[in-house]
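Predicted model only: the values in this text are computed from it and were never measured.
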Amino acid sequence: MTVRKAVSQALTLSPPHRTNHHAGAREPGGSPWLGRRGEPTETFERYQGIERAAQSLWPSTVSAVSPSTALGAYSDWMQHLLASPAKQWELADIAVQNAMRWARAATAGPADNCWCIEPLPQDKRFDDPAWRERPYVWFAQALLLQQSWWQHATTGVPGVSPHHERMVEFTARQWLDMISPSNFVTLNPVVTRRTLEEAGANLARGALHALGDAYRESSNLPPVGAEQYELGVNVAATAGRVVLRNRLMELIQYTPTTPKAHAEPVLFVPAWIMKYYVLDLEQRNSMVRFLVDAGYTVFMISWKNPHAEDRELSLDDYHRLGVRAALDTIAKACPHRAVHTVGYCLGGTLLAMVASLLGRERSHVIKSITLLAAQVDFTDPGELSLFIDESQVAFFENQMAVQGVLDKGQMRGTFQMLRSRDLVWSYRLATYLMGERAPISALMAWNADGTNLPYRMHSEYLHALYLDNALAHGEYRLGGVPISLSDIHAPIFSVGAVQDHVAPWRSVFKLHQFTTADQTFVLTAGGHNVGIVNPPGQPKSSHRIRHWKHLDRLLTPDEWLEQTEPEAGSWWTPWLEWLNRHSSGLEALPVQLPSLGKAPGTYVMQK
């Protein structure tokens, strides 16, 4: 993009978000939340257009982190470290001890144990017995001792803000993961052995794999093997029809497989940072198919993948054109019936907001609420908060102002950074150094099928929910109306996952503090996706479950964990039992609404 073109485009952009606090009113480009921020002047808006045009010339893929944020974190840590002789002496003492431990291990006899420090339980890089042999044990031990030292160096420095401490610790961990001996041919005994056995053929295959991946990434193509999963054929293949289409979503009504149906239908509200079919993968692990076969009438929102022309879509649009439009349409198929609602991730946050508004309106349209890995309090959103502060949000806004969206590649890169050891370095080790391309699963193919985020919605989401925590504070307005989670009275089934790095389970658990509605909380094994896509029949599945009702003593997350015993099996089974208890029994099949096309529809196909 040329400078002239960028400036011209930026000057035509809508002004930054403004708030009109009159009930329900909203200026074009306005936001339902401004918090403690003042309105920018017109002069500032004009110059901001030029500023954003200039930033648009800098490739967005160069950095996912605001330079000001990174510099501020490093400066905060370094200044306080230099100002604390006690911390310096501690680090010097640890360094000497680590050097002596490594020296003893390096000079130990063949029969002695050279392993002076063990990796963390989740670190599988050095599991092969060859890492216990010289000289490779020296390399592994050196890295693990360095990790131990940097963990002490980046934490516990007096005066450093918690946010900056987490950022510096995260950055140090990223660099150490990058220079791990497991990533190098001559330092990794497993790769060295394979290279000698195959006379370098593994490296030749790996080079071809790297070139293929680079081409696919630059051409916006799915990863190798994803083509075997075809939408509507072997994924997102549960039979149904599109019964509503507007500029933001399609609503799918699934075809019943039982002679009768439960009186109350089920509405799924997935997140729009992902495509809906994670909830309708293959037949064996489709949550949609699971409920349809159990006799439920199931509806699914399939969000549009937004592009630049959708830049002004707001959170309120996702409320009005999404959840409210879906509930209005479901009422035509199931008149006078309340709805079981299910929200996943950001879709669950939106569902909680809509349920709060409906509770304020004394509406009884929602029969129950199921929240899957969904947060309502963003005080501690986990490592994702590393990429969200005032400087970082301004950095994102300048990028999105010209693009119109937060590109799906930027979002994917952020999530890969959060789990770089598993998603980046382990993948490169197996694929590029060992020359082995592992088969891709349906969940992996779905994960690579990303979506964009509209500029205005994402800006509102980051400012209101992450930075100001307005929903938890009862300060957010939806449709111009202030909402409070205390207005939710429908029973809630909430699911958190032990290894969730997107919505940490202790953060999900905080919903207990905001509403007196009966709550059943489940903690499942797995992460943000695997923990949710967890059908019955998995031999290693387990979960913990406990019911809470108003006037019961609130437990802290740690108390809850200590007092709740694990149970074998999928959480889907007790969830189905819970839905059945909150339903009114079986009756004749509901009306099949007029079809606008077969499921999975057209929006899910958009790239």
Listed pairs under 3.5 Å, donor-acceptor, residues 495-504 side chains, sequence neighbours left out:
from	atom 1	to	atom 2	distance (Å)
Asp500	OD1	Val502	N	2.8
Asp500	OD1	Ala503	N	2.9
Asp500	OD1	His528	ND1	3.1
Asp500	OD2	His528	ND1	2.8

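- Ring orientation note: the planes of Phe521 and Trp505 are tilted relative to one another, at an angle of 30° to 60°.
- At least one donor-acceptor pair under 3.5 Å links the side chain of Lys87 to the backbone N or O of Thr155.
- We find that Glu169 and Arg166 are not joined by a salt bridge, their nearest charged nitrogen and carboxylate oxygen being 4.0 Å or further apart.
- Residue Val224 comes nearest to Arg216 through the heavy atom pair CG2-NE, 3.3 Å, listed as atom of the first residue, atom of the second, then distance.
- Shortest non-hydrogen contact noted between Ala442 and Leu281 is O-CD2, 3.9 Å.
- Evaluation of the ring pair (Phe, Tyr, Trp, His ring centres under 6.0 Å) test over residues 198-236, restricted to residues two or more places apart or in two chains, returns none.
- With a 4.5 Å cut-off on side-chain heavy atoms, Gln606 and Lys304 count as touching.
- With hydrogens and angles ignored, the 3.5 Å screen pairs a side-chain donor or acceptor of Trp571 with a backbone N or O of Gly531.
- Of the N and O atoms on the side chains of Thr451 and Trp272, not one donor lies less than 3.5 Å from an acceptor on the other residue.
- Atom CG of Leu429 and atom CE of Met434 lie 7.0 Å apart (nearest 0.5 Å).
- Judged by distance alone, the side chain of Trp446 and the main-chain N or O of Lys275 form a donor-acceptor pair under 3.5 Å.
- Classification of the Trp77-Trp150 ring pair by plane angle, with boundaries at 30° and 60°, yields tilted.
- Side-chain atoms of Asn234 come within 3.5 Å of backbone atoms of Glu230 as a donor-acceptor pair (strictly under, hydrogens ignored).
- From Met605, atom CE reaches atom CG of Asn305 across 13.5 Å, with rounding to the nearest 0.5 Å.
- For Asn447, the side chain to side chain contact (heavy atoms under 4.5 Å, CB included) partners at least two apart in sequence or on another chain are Asn529.
- Looking at Gln88, its side chain does come within 3.5 Å of a backbone N or O of Leu82 through a donor-acceptor pair.
- Taking the six-membered ring for Trp and the full ring otherwise, Phe268 and Tyr344 have centroids separated by 6.0 Å or more.
- With hydrogens and angles left out, the side-chain atoms of Glu397 and His463 include a donor and acceptor closer than 3.5 Å.
- For Arg289 and Asp280, the salt-bridge test fails: no basic side-chain N is under 4.0 Å from an acidic carboxylate O.
- In terms of modelled atom types and a separation under 3.5 Å, the side chain of Asn183 and the main chain of Met178 share a donor-acceptor contact.
- Distance check, rounded to the nearest 0.5 Å: CD1 of Ile117 to CG of Leu144 gives 5.5 Å.
- Atom OH of Tyr74 sits in a sparse spot, with 12 or fewer heavy atoms from other residues, nucleotides or ligands closer than 6.0 Å.
- A heavy-atom distance below 4.5 Å is not found between the side chains of Val278 and Pro270.
- In this structure, Tyr427 and Tyr432 have perpendicular ring planes: the angle between them is above 60°, well past the 30° mark.
- The nearest pair of heavy atoms linking Ala106 to Trp138 is CA-NE1, 3.5 Å.
- Between Lys510 and Asp380 there is no salt bridge, since none of the side-chain N atoms of the basic residue sits less than 4.0 Å from a carboxylate O of the acidic one.
- Put simply, CD on Gln146 and CD1 on Ile179 are 7.0 Å apart, with the number rounded to the nearest 0.5 Å.
- Glu309 CD: more than 12 foreign heavy atoms inside a 6.0 Å radius.
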* To do: Output, in order, the C-alpha distance, side-chain angles, deciding distance and verdict of side chain to side chain contact (heavy atoms under 4.5 Å, CB included) for Tyr455 and Leu406.
  => CA-CA 7 Å; Tyr455 163 49; Leu406 181 67; over 6 Å; no

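- In terms of the side chain to side chain contact (heavy atoms under 4.5 Å, CB included) criterion, residue partners of Pro181 (sequence neighbours excluded) are, by chain and number, Phe126, Trp131, Phe139, Leu143, Leu187.
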* Full working for side chain to side chain donor-acceptor pair (under 3.5 Å) between Ser391 and Asp389 -> CA-CA 6 Å; Ser391 175; Asp389 59 18; 4.7 Å; no

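- Summarising the geometry, atom CD belonging to Glu282 is positioned 9.5 Å from atom CG belonging to Leu443; distances are rounded to the nearest 0.5 Å.
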* Asked: What do the steps show when you test Leu523 against His543 for side chain to side chain contact (heavy atoms under 4.5 Å, CB included), and what is the final call?
  -> CA-CA 6 Å; Leu523 181 61; His543 64 275; over 6 Å; no

* Do Arg194 and Val191 pass the side chain to side chain contact (heavy atoms under 4.5 Å, CB included) test, and can you show the C-alpha distance, the side-chain angles, and the key distance before you say yes or no? -> CA-CA 5 Å; Arg194 174 66 63 85; Val191 177; 5.7 Å; no

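- The main-chain N or O of Ala210 is never found under 3.5 Å from a side-chain atom of Asp213 such that the two would form a donor-acceptor pair.
- Between Arg506 and Pro557 the shortest heavy-atom distance is CG-CB, 3.7 Å.
- In terms of modelled atom types and a separation under 3.5 Å, the side chain of Ser570 and the main chain of Asn534 share a donor-acceptor contact.
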* Any chance you could lay out the side chain to side chain contact (heavy atoms under 4.5 Å, CB included) test for Phe378 and Gln375, step after step, and finish with the verdict? => CA-CA 7 Å; Phe378 291 81; Gln375 300 174 93; 4.0 Å; yes

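- In this structure, Leu465 and Pro381 have side chains that are not in contact, with every pair of non-hydrogen atoms separated by 4.5 Å or more.
- The closest donor-acceptor contact from the side chain of Thr107 to the backbone of Ala103 lies under 3.5 Å.
- Using a distance-only test at 3.5 Å, with no hydrogens or angles considered, a donor-acceptor pair links the side chain of Thr192 to the main chain of Val185.
- Residues forming a side chain to side chain contact (heavy atoms under 4.5 Å, CB included) with Ser542 (at least two apart in sequence, or on another chain): Ala525.
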* **Trace of the side chain to side chain donor-acceptor pair (under 3.5 Å) decision for Ser75 with Gln79** => CA-CA 6 Å; Ser75 177; Gln79 289 181 56; 2.6 Å; yes

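- For the pair Leu462 and Leu467, the minimum side-chain heavy-atom distance is 4.5 Å or more.
- Just one of Asn202, Thr186, Asn188 meets the side-chain hydrogen bond (donor to acceptor under 3.5 Å, both in side chains) condition when paired with Thr195; it is Asn202.
- In this structure, OH on Tyr466 lies 12.5 Å from CD on Gln392, to the nearest 0.5 angstrom.
- Shortest non-hydrogen contact noted between Arg125 and Asp177 is NH1-OD1, 3.5 Å.
- Of the charged side-chain nitrogens involved, at least one lies within less than 4.0 Å of a carboxylate oxygen, so that Glu118 and Arg132 count as a salt-bridged pair.
- Heavy-atom minimum distance, Trp303 versus Ala271: CD1-O, 3.7 Å.
- Residues that satisfy the side chain to side chain contact (heavy atoms under 4.5 Å, CB included) test with Arg193, not counting sequence neighbours, are Asp128, Ala130, Val190, Glu197.
- A salt bridge between Glu198 and Arg205 is present, with a side-chain N of the basic residue lying under 4.0 Å from a carboxylate O of the acidic one.
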